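Here's the structure we're looking at; comments come further down.
In this text, all values refer to a predicted model and were calculated from it rather than measured experimentally. Along the sequence shown, residues are numbered consecutively beginning with 1. Just the heavy atoms: all of them, side chains too, but no hydrogens, waters or symmetry mates, feed the values below.
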Amino acid sequence: MVKAIRVHEHGGPEVLTWEDVVVPDPKEGEIRLKQKAIGINFLDVYMRRGQYPQPVPFTPGMEGAGVVTAVGAGVTSCKVGDVVAYASGQVGSYAEERILPADQAVPVPSSVDPVEAAAVIFKGLTAYVMIHRAFKVEPGHTILVHAAAGGVGYLICQWASAIGATVIGTVSTKEKAVQAKEDGCEHVILYKDEDFVERVMEITSGKGVDVVFDAVGKDTFNGSLECLKTRGYMVVYGTASGEPEPISVTKLAPRSIYLTFASLGEYIGGNREHLLIAAEALYSNVAKGVLKVRLNHKYPLSQATQAHIALESRKTTGSVVLIPDEE
């Protein structure tokens with residue numbers, strides 16, 4: 001028996017319960033992991049609430065890193081003792097140990113700390129998809145990143161800045177503004193104190209930005225469209241403030257705006273070659289210091305409820321991780 005967080009009914013953070021669970025032996029194509037750390041993503045909150053379909057009961061969480069303790073038949077991509085990380089399409093990471101399809105695990109280089117690897121795997125792969133696949137950020141581009149101090153936002157800012165883009169970030173507090181500056185934002189907008197549309201147009205001399213990366217949703221969506229230049233890209237990858245109101249397609253017509261919802265699973269899920277390319281790009285940049293993992297919040301796995309409360313309050317910055325209690 002091992003310990004895990006379980007959800008028996010959808011609801012608030014209080015529905016996260018600390019229980020004993022049985023972890024079976026891995027079947028063909030599977031591995032068993034003893035976890036070093038578990039990353040927290042806002043997707044976990046959506047699933048706990050019931051906003052994303054997930055039958056109960058379940059163990060939440062989709063990302064982590066750990067040591068392989070057993071392999072099933074046919075597994076050749078890793079062996080017992082290897083340190084691997086994963087951003088899985090299958091829930092189950094809020095546990096001391098878990099079973100995982102081997103083809104979803106990627107090697108963690110010895111130059112990267114396993115806790116950092118867990119903290120950055122899902123968010124870092126998402127950042128990779130945003131700036132390399134959903135819209136290819138290049139030197140000279142001007143981009144707008146909402147929630148620039150958030151778990152994905154700060155990585156987009158660092159990565160895009162390293163590429164040579166001019167990064168404009170929006171944040172809610174002065175403390176987060178300091179972090180956003182450190183993470184490569186040339187311009188930081190306190191959206192509670194300033195009209196971000198007016199500021200973006202002022203910064204760009206009325207031209208607008210090449211792309212907006214928006215995980216906020218309802219609160220920023222319409223303003224983000226106004227910030228785009230002709231044939232600009234609106235890339236949505238989350239709806240933390242709720243889903244935007246439906247819009248008429250003709251609203252995109254005056255400037256021929258492109259609108260997409262970019263999902264990590266649709267770009268990488270099910271394609272191991274794409275996964276390995278993205279993971280190698282991510283971890284090599286972490287190892288070189290191009291990407292600096294902000295491990296700003298650590299909680300014992302048994303205190304996942306407190307971690308969710310902090311995440312939903314939007315008081316967190318950077319990465320939030322759970323550490324198995326015995327680690």
Q.
Do Val167 and Glu186 have side chains that approach each other closer than 4.5 Å (heavy atoms only, starting at C-beta)?
A. no

Q. From Glu226 CD over to Glu198 CD, what is the distance, rounded to the nearest 0.5 angstrom?
A. 10.0 Å

Q | Distance-minimising heavy-atom pair for Val290 and Gln158 | A | O-OE1, 3.8 Å

Q. Rounded to the nearest 0.5 Å, what separation is found between the OG1 atom of Thr166 and the NE2 atom of His187?
A. 6.5 Å

(Q) Is it true that Glu19 and His8 share a donor-acceptor pair across their side chains at a distance under 3.5 Å? (A) yes

Q. Where do Arg48 and Val7 come nearest, in terms of heavy atoms and distance?
A. CG-CG2, 4.4 Å

Q: Check Tyr86 against Gln104 and note the closest heavy-atom contact, atom names and distance.
A: CB-O, 3.5 Å

Q: Look only at the side chain of His10 and the backbone of Gln54, and say whether a donor-acceptor pair between them is shorter than 3.5 Å.
A: yes

**Q.** Donor-acceptor pair, side chain of Asp214 and main chain of Val236, under 3.5 angstrom
**A.** no

**Q.** Atom CD of Glu14 with >12 non-hydrogen neighbours under 6.0 angstrom
**A.** yes

Q | Thr239 side chain reached by Pro244 side chain, heavy atoms, under 4.5 Å | A | yes

Q.
Are Asp183 and Arg294 packed together at the side-chain level, in the sense that at least one heavy-atom pair is separated by less than 4.5 angstrom?
A. yes

Q.
Distance check, rounded to the nearest 0.5 Å: Thr142 atom OG1 versus Ile203 atom CD1?
A. 9.5 Å

Q) Could you state the interatomic distance from CD1 (Ile168) to SG (Cys185), rounded to the nearest 0.5 Å? A) 9.0 Å

Q. Hey, does the side chain of Thr59 reach the backbone of Gly92 with a donor-acceptor pair shorter than 3.5 angstrom?
A. no

Q: Specify the closest pair of heavy atoms between Ile143 and Ala160, including all atoms of both residues, with the distance to one decimal.
A: CD1-CB, 3.5 Å

Q.
Taking Leu190's backbone N and O only, do any of them form a donor-acceptor pair with Glu194's side chain (distance below 3.5 Å, no angle check)?
A. yes

Q) Out of curiosity, does Leu144 fall in the hydrophobic cluster containing Val235 (side-chain heavy atoms, cut-off under 4.5 Å, transitive links)? A) no

Q. According to a 4.5 Å side-chain heavy-atom criterion applied to Ile, Leu, Val, Met, Phe, Trp and Tyr, with indirect links allowed, do Tyr283 and Ile131 form part of one hydrophobic cluster?
A. yes

Q: List the steps and the verdict of side chain to side chain contact (heavy atoms under 4.5 Å, CB included) for Thr126 and Leu155.
A: CA-CA 9 Å; Thr126 301; Leu155 292 168; over 6 Å; no

Q. According to a 4.5 Å side-chain heavy-atom criterion applied to Ile, Leu, Val, Met, Phe, Trp and Tyr, with indirect links allowed, do Val45 and Trp18 form part of one hydrophobic cluster?
A. yes

Q.
Using side-chain heavy atoms (C-beta onward) and a distance below 4.5 Å, is Ile5 in contact with Pro60?
A. yes

**Q.** Shortest non-hydrogen contact from Gln179 toward Ala149
**A.** NE2-O, 3.3 Å

**Q.** Side chain Lys229, main chain Arg255, donor-acceptor under 3.5 Å
**A.** no

Q) Mind checking whether Lys123 and Glu63 have side chains closer than 4.5 Å, heavy atoms only? A) yes

Q. Is there a path from Phe42 to Val216 through hydrophobic residues (I, L, V, M, F, W, Y) whose side chains come within less than 4.5 Å of each other?
A. no

Q. Is it true that a side-chain atom of Tyr267 and a backbone atom of Ala262 form a donor plus acceptor pair closer than 3.5 Å?
A. no

Q.
If I take atom CD1 from residue Ile268 and atom CD1 from residue Ile277, how far apart are they, to the nearest 0.5 angstrom?
A. 9.5 Å

Q) Donor-acceptor pair, Glu116 side chain versus Leu295 backbone, under 3.5 Å? A) no

Q: Please answer: with hydrophobic residues joined when any side-chain heavy atoms are less than 4.5 Å apart, are Val56 and Tyr46 in the same cluster?
A: yes

Q) Val120 and Leu291: side chain to side chain contact (heavy atoms under 4.5 Å, CB included), yes or no, with the steps? A) CA-CA 10 Å; Val120 80; Leu291 298 178; 5.8 Å; no

Q: Would you please test Leu43 and Phe122 for side chain to side chain contact (heavy atoms under 4.5 Å, CB included) and show each step?
A: CA-CA 10 Å; Leu43 277 172; Phe122 201 111; 3.5 Å; yes

Q. Do Ser263 and Val129 come within less than 4.5 Å of each other through their side chains, counting heavy atoms only?
A. no

Q: Give the intermediate values and the outcome of side chain to side chain contact (heavy atoms under 4.5 Å, CB included) for residues Lys3 and Asp20.
A: CA-CA 5 Å; Lys3 287 289 189 180; Asp20 291 318; 3.2 Å; yes

Q: State, to 0.1 Å, how close Tyr299 and Ala310 come at their nearest heavy-atom pair, and which atoms those are.
A: OH-CB, 3.3 Å

Q: Check the surroundings of atom CD in Glu243: do more than 12 heavy atoms from other residues, nucleotides or ligands lie under 6.0 Å from it?
A: no

Q) Given side chains that start at C-beta, do those of Val112 and Val293 come closer than 4.5 Å, heavy atoms only? A) no

Q. Is any side-chain heavy atom of Val209 less than 4.5 Å from a side-chain heavy atom of Leu228?
A. yes

Q | Residue of the set Phe213, Phe196, Tyr154 for which ring-ring contact (aromatic ring centres under 6.0 Å, His included) holds with His146 | A | Phe196

Q.
Below 30° counts as parallel, above 60° as perpendicular, anything between as tilted: where do the rings of Trp159 and Tyr128 land?
A. tilted

Q. Judged by atom type as modelled, is there a donor-acceptor pair below 3.5 Å linking the side chain of Gln35 to the main-chain atoms of Ser93?
A. yes

**Q.** Polar side-chain atom of Thr173 near backbone of Lys176 as donor-acceptor pair, under 3.5 Å
**A.** yes

Q: Using modelled atom types only, decide if a donor and an acceptor are shared between the side chain of Asp325 and the backbone of Ser302 within a distance under 3.5 Å.
A: yes

Q.
Please tell me whether Tyr94 and Asp44 have a donor and an acceptor in their side chains that are separated by less than 3.5 angstrom.
A. yes

Q: Can you measure from OG1 (Thr230) to NZ (Lys207) and round to the nearest 0.5 angstrom?
A: 12.0 Å

